[in-house]
Amino acid sequence: MRMSHWNYRVIRKHHTESDSVTYHVHEVYYRDDGKIDVWTQEPVAPMGETVAELREDIRYFLRAFRSPILEEQDTDEGSTLIPDPKDDAINDGHYFELMDRASVALDYVYQFIGSHPLIRKDKTLQGMYEKAEQALAELYQQAGRLEFDRNT
């Protein structure tokens with residue numbers, strides 16, 4: 001089966017000899033069906049041939065934190081990656097925290113983008129900005145609904 005894509009993922013490693021845990025970023029390659037095929041044995045570091053390329057690579061590294069943390073597990077067929085069972089569980093404080101962060105993000109987006117002269121003058125840019133602002137507001141509202149539903 002041919003590999004269809006790859007991305008960076010965070011992998012949790014348990015070191016039995018020292019009973020310690022470390023986290024690393026690896027390149028993970030996927031099959032056409034979306035299942036993990038292979039990954040780099042050694043962690044990777046951000047790099048680029050220009051500062052702009054390095055910045056872009058760091059953005060891709062940060063995207064790895066949007067996906068579940070993985071853990072290497074040995075099976076009869078060899079090693080495989082599974083979602084880390086010790087990945088952060090959701091607690092009651094997470095809902096308020098997300099609402100707070102969404103509110104702060106809304107303020108920053110307005111302050112640095114929404115009030116920009118180009119946004120005020122160009123109708124196309126205004127529309128795009130308003131969609132981004134609306135998406136953040138909906139994120140805030142949905143987190144609040146989830147918190148309410150969890151507590152009722």
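Since we're looking at a predicted model, the values are computed, not measured. Quick note: numbers below take in every heavy atom, side chains included, and nothing from hydrogens, waters or symmetry partners. Residues: numbered from 1 along the sequence shown.
Hydrophobic clustering of Ile, Leu, Val, Met, Phe, Trp and Tyr side chains at less than 4.5 Å, counting indirect connections, keeps Tyr140 apart from Tyr129. There is no path of hydrophobic side-chain contacts, each under 4.5 Å, that joins Ile82 to Ile11. One hydrophobic cluster, built from ILVMFWY side chains closer than 4.5 Å, cannot hold both Val109 and Met99; they sit in different ones.
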May I have the list of side-chain donor-acceptor pairs in residues 60-67 shorter than 3.5 Å, sequence neighbours left out?
none

Which donor-acceptor pairs under 3.5 Å do side chains of residues 39-48 form with protein atoms, sequence neighbours excluded?
| from | atom 1 | to | atom 2 | distance (Å) |
| --- | --- | --- | --- | --- |
| Thr40 | OG1 | His26 | ND1 | 3.3 |
| Thr40 | OG1 | Glu27 | N | 3.2 |
| Thr40 | OG1 | Glu42 | O | 3.1 |

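Considering CG of Asp32 and NE2 of His5, their distance stands at 10.0 Å, rounded to 0.5 Å. For the atom pair CG of Leu70 and OG1 of Thr80, the computed distance is 9.5 Å after rounding to the nearest 0.5 Å. For the atom pair CD (Gln142) and CG (Leu139), the distance works out to 8.5 Å, reported to the nearest 0.5 Å. Atom-to-atom distance recorded for Leu81:CG and Ile69:CD1 is 12.0 Å, nearest 0.5 angstrom.
In plain terms, the two heavy atoms of Ser79 and Glu72 that are nearest each other are OG-OE2, 3.3 Å. Shortest non-hydrogen contact noted between Asp19 and His14 is OD1-NE2, 3.0 Å. Scanning all heavy atoms of the two residues, the minimum distance from Ile119 to Ile113 falls at CG1-O, 3.0 Å. Between Arg12 and Asp84, the closest heavy-atom pair is CD-OD2, 2.5 Å.
Annotation: side-chain contact (heavy atoms from CB on, under 4.5 Å) contacts of Lys123 (sequence neighbours excluded): Gln126. Annotation: salt bridge (Lys or Arg N to Asp or Glu O under 4.0 Å) contacts of Arg145 (sequence neighbours excluded): none. A search for salt bridge (Lys or Arg N to Asp or Glu O under 4.0 Å) contacts involving Glu147 returns nothing, not counting sequence neighbours. Residues satisfying the salt bridge (Lys or Arg N to Asp or Glu O under 4.0 Å) test with Arg9, not counting sequence neighbours, are none. Residues meeting the salt bridge (Lys or Arg N to Asp or Glu O under 4.0 Å) test with Glu133, sequence neighbours left out: none. Residues meeting the side chain to side chain donor-acceptor pair (under 3.5 Å) test with Asn7, sequence neighbours left out: Tyr30.
Note on residues 96-117: pairs passing salt bridge (Lys or Arg N to Asp or Glu O under 4.0 Å), not counting sequence neighbours, are Glu97-Arg101. Applying the ring pair (Phe, Tyr, Trp, His ring centres under 6.0 Å) test to every pair with at least one member in residues 102-124, sequence neighbours left out, gives these pairs: Tyr108-Phe112. For residues 47-56, the pairs satisfying salt bridge (Lys or Arg N to Asp or Glu O under 4.0 Å) are Glu56-Arg59, with sequence neighbours left out.
No hydrogens or angles considered: a donor-acceptor pair under 3.5 Å links the side chains of Glu138 and Gln134.
At least one side-chain heavy atom of Asn151 sits less than 4.5 Å from a side-chain heavy atom of Asp92.
Tyr95 shares a hydrophobic cluster with Ile90, Leu146; the chain of contacts runs through ILVMFWY side chains whose heavy atoms sit under 4.5 Å apart.
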